[in-house]
Structures are given as C-alpha cells and as structure tokens.
There are 2 protein chains.
Amino acid sequence: METYKEILKDSGIKPTFQRIKILEFLDKNPIHPTVDMIYMALFKKVPTLSKTTVYNTLDVLRQHALVNVLTISESELRYEYARKPHHHFMCKKCGSIFDVDVGCIYQDSMSIEDHKIEEIQGYFKGICKNCLNNNLQEN
Amino acid sequence: METYKEILKDSGIKPTFQRIKILEFLDKNPIHPTVDMIYMALFKKVPTLSKTTVYNTLDVLRQHALVNVLTISESELRYEYARKPHHHFMCKKCGSIFDVDVGCIYQDSMSIEDHKIEEIQGYFKGICKNCLNNNLQEN
DNA sequence: TTTTTCATTTATAATTAATATAAATTATAT
DNA sequence: ATATAATTTATATTAATTATAAATGAAAAA
C-alpha cells in the first residue's frame with residue numbers, strides 16, 4: 001500500500017508533515033469537507049497548523065490533480081481526494097454530501113457543442129436517504 | 001406575448017418596477033450574470049437601485065421558480081431565467097457561461113441511490129469554442 | 001559543521017460576496 | 001386622509017478567500 005508520503009513524492013510535491021496530514025484526512029474522511037472542517041479536525045493534533053496552510057496545501061494538491069474542488073454548496077467550497085470520476089448528491093436538510101456512482105455519458109467526450117471539455121461536475125440536490133428514513137420515524 | 005408584469009403576477013409576486021426590470025434583464029441577457037453584473041447594468045437606467053434589492057429580488061424569484069442559481073463559478077453565484085432544464089459550460093479562459101442542450105438521463109428520475117432528487121446541476125468546464133477559434137487565429 | 005539559500009508555514013491584514021438590520025419609501029386598504 | 005403592510009434602500013456585519021510579509025525549517029554549498 002502506497003503511503004501518503006509516497007503519493008506526494010510521486011506527484012512531485014515535497015511531502016511535508018502538514019501536506020501528509022491534510023491528504024490523509026481527505027483520504028480517510030470522504031465527507032467532502034470545507035477548509036474549516038479540515039482545519040478544525042487537524043488542529044486538535046497539529047496545534048501549530050494555520051488555516052492559510054490548509055488553503056495553500058489544497059491549492060497545491062489540486063494543481064497536481066490529487067484533490068477536486070466541488071462547488072456544490074452555495075456558501076463555500078468543498079474538497080475531496082481525487083479518485084475515479086463520479087457525481088455528487090447534497091442533502092438540503094442535513095447538508096451531507098454523498099458520492100453517487102452513476103455512469104456519466106459525457107465522461108469520455110472531448111467536447112460538447114464545440115466547447116472543449118476539461119472537467120465535468122454533476123450535482124444532485126434533494127433529501128438524502130438518511131433524512132428520508134428519519135422523517136418516517138418521526139410520524 | 002406575456003409581459004414581465006404578468007409573469008410576476010401569475011407567480012404570485014407583486015410586480016414592482018425593480019422586479020420587472022431584473023426579470024427582464026435576466027430574460028434578455030442569457031449570460032448567467034452575477035449580482036454585480038445585474039446591478040451595474042440596471043443602475044444606469046435605475047440609479048436609485050440598491051444591490052440589496054437585487055439580492056432580495058433574486059431570492060423571491062428563485063422561491064417562485066422563476067430563476068435558477070448556478071454554483072458553476074468558484075467565487076460567486078450566477079443567476080439565470082428559468083426555462084427548460086439544461087446543463088452549463090463555463091470557459092476557463094474567458095469566463096463565459098453557455099447553456100448546453102444535452103439530454104440528461106437523470107432529468108426525470110425521482111431518486112438516485114435512494115436519495116430523493118429535487119434539483120440537478122450539470123457543469124462542464126474547459127475552453128469554449130470562441131476561445132478555441134481565437135487561439136487558432138493568433139498563430 | 002557552519003552558512004546560505006530557498007521553500008514552506010504561519011500570522012496578520014485586506015478583500016469581497018453575501019446576509020442582517022433598521023430606516024425610508026411606496027403602495028394598499030381602511 | 002390616515003393607517004398598515006410590503007418593499008426598497010442604506011448601512012453595518014459576517015465569513016470565505018486571498019494577499020502580504022515575517023518566521024520557520026530543510027536542503028545545498030562552503
């Protein structure tokens with residue numbers, strides 16, 4: 001199993017302690033966190049961490065295609081460890097974001113209506129299955 | 001042809017001058033503008049307009065399903081007059097946003113992986129056909 | 001080892017989109 | 001006319017993000 005240090009090195013990124021920790025957090029917590037969620041979680045174990053570093057690191061990781069930025073929320077950006085392409089569902093009630101593993105027919109297209117495609121984001125919004133179940137129990 | 005006043009009335013919205021102007025602007029300028037773009041454009045003809053009114057009006061129009069909010073940009077929200085469902089393409093070079101009229105196979109689905117769908121956003125990003133052409137001319 | 005250099009991290013300040021609040025205005029109903 | 005309520009406006013506030021510069025740390029050169 002490849003370590004985070006190795007993943008960073010292989011991408012040409014100097015594997016600093018902070019970068020390793022942020023990458024590890026994203027990998028182990030597929031919750032599509034905000035910058036603040038990452039900062040709050042890691043601050044407990046790395047009290048010297050600064051929020052600027054989280055921003056900087058996410059930028060670096062993104063430039064090397066290790067993380068994706070999601071604009072699914074209207075108020076702040078969300079981040080995820082980049083695995084294979086997929087779409088996302090955001091619950092309007094609890095706010096959680098889920099991966100949805102549906103085949104996108106444009107995933108392998110080079111262009112759409114003569115525009116060159118470099119990136120595809122598919123966002124679904126509504127009520128997640130957990131909230132749907134909780135609603136039933138309340139009745 | 002239905003007037004903007006009528007469209008607002010039919011949606012149960014009091015057709016004020018500001019609301020009519022904002023709705024008209026969105027209808028006649030399918031550029032998916034930001035709040036600022038709407039404000040700047042209308043301010044010329046309606047110098048008393050305030051930016052808060054643009055925010056408020058867009059909220060009201062949205063609640064009555066007359067406008068859609070796009071989160072395609074990472075820095076600010078974009079708005080459009082709500083017509084029939086479609087996806088969007090944003091150019092990474094010039095920043096323009098285009099409607100793309102592609103059939104979405106999930107458009108009529110009620111749910112996805114047990115989550116209840118209420119809204120679907122499909123975003124494509126890359127280089128638009130205009131910028132692709134301009135690049136050729138520069139050589 | 002010591003020094004130098006450079007990248008990274010951190011602290012701080014600045015920017016800006018969006019929201020909240022309250023006063024002013026306008027329209028509507030009494 | 002007057003009172004009431006909705007809307008608009010001005011202003012202040014919040015909060016995500018970016019910019020700037022100082023502090024730190026690690027690698028390279030002497």
Side-chain angles (χ1 to χ4, degrees), chain A residues 4-5 8-9 11-25 32-64 66-80 90 95 97, chain B residues 4-5 8-9 11-25 32-64 66-80 90 95 97:
Chain A
Y4 298 110
K5 184 181 269 193
L8 290 169
K9 270 198 218 160
S11 294
I13 305 171
K14 191 184 287 185
T16 66
F17 180 68
Q18 291 87 339
R19 288 170 176 173
I20 290 169
K21 283 298 168 188
I22 291 171
L23 184 62
E24 178 185 18
F25 181 83
H32 313 87
T34 62
V35 165
D36 214 57
M37 288 161 79
I38 298 170
Y39 174 72
M40 293 301 229
L42 292 182
F43 183 76
K44 292 170 193 162
K45 308 200 170 177
V46 191
T48 72
L49 186 67
S50 104
K51 207 178 277 189
T52 309
T53 299
V54 179
Y55 275 104
N56 289 344
T57 299
L58 289 171
D59 251 14
V60 172
L61 295 177
R62 182 190 192 183
Q63 279 160 25
H64 292 79
L66 287 179
V67 311
N68 296 326
V69 177
L70 307 186
T71 59
I72 196 169
S73 158
E74 291 178 16
S75 51
E76 77 266 292
L77 298 177
R78 315 286 302 226
Y79 296 84
E80 71 172 358
M90 182 179 213
I97 299 172
Chain B
Y4 299 111
K5 184 182 270 192
L8 290 168
K9 270 199 217 159
S11 294
I13 305 171
K14 193 184 286 186
T16 67
F17 181 67
Q18 290 87 340
R19 288 170 177 173
I20 291 168
K21 283 298 170 189
I22 291 170
L23 184 60
E24 178 185 17
F25 180 83
H32 313 86
T34 63
V35 164
D36 215 57
M37 288 162 80
I38 299 170
Y39 174 73
M40 293 301 229
L42 292 181
F43 183 76
K44 292 169 192 162
K45 308 199 171 179
V46 191
T48 72
L49 186 68
S50 104
K51 206 178 276 189
T52 310
T53 299
V54 180
Y55 276 104
N56 289 342
T57 298
L58 290 171
D59 250 14
V60 171
L61 296 177
R62 181 190 193 181
Q63 278 160 25
H64 292 80
L66 286 179
V67 311
N68 296 326
V69 177
L70 307 186
T71 58
I72 195 169
S73 158
E74 291 178 17
S75 51
E76 78 267 292
L77 298 177
R78 315 286 302 226
Y79 296 85
E80 71 172 356
M90 183 178 210
I97 298 172

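Just so it is clear: chains get the letters A, B, ... in the order the sequence lines come, proteins before strands, and each one is counted from 1.
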Open item on the list: I need the CD1-C1' distance between B:Ile22 and D:dT8, as an integer number of Å.
Closed with: 11 Å

Task: For A:Gln18, all residues meeting side-chain contact (heavy atoms from CB on, under 4.5 Å), sequence neighbours excluded - done: A:Thr16, A:Leu49, A:Thr53

Task: Any residue meeting side-chain contact (heavy atoms from CB on, under 4.5 Å) with B:Lys9, in chain and number order, not counting sequence neighbours - done: B:Lys5, B:Pro15

Open item on the list: Once salt bridge (charged side-chain N to carboxylate O under 4.0 Å, His left out) is applied, what residue pairs with a partner in residues 45-61 of chain A remain, sequence neighbours excluded?
Closed with: A:Asp36-A:Lys51

Task: Sequence neighbours excluded - salt bridge (charged side-chain N to carboxylate O under 4.0 Å, His left out) pairs with any residue from residues 15-25 of chain B - done: B:Lys21-B:Glu24, B:Glu24-B:Lys28

TODO: Classify every nucleotide of nucleotides 6-23 of chain C by which part a protein heavy atom approaches to under 4.0 Å, writing B for the base, S for the sugar-phosphate alone and - for neither, in 5'-to-3' order.
DONE: -SSSBBB----SBBB---

Task: Which residues share a side-chain contact (heavy atoms from CB on, under 4.5 Å) with A:Ser73, sequence neighbours left out - done: A:Ser75, A:Glu76, A:Arg78, A:Met90

TODO: Take the protein atom CD1 of B:Ile20 and the nucleotide atom P of C:dT26, then report the distance between them rounded to whole Å.
DONE: 16 Å

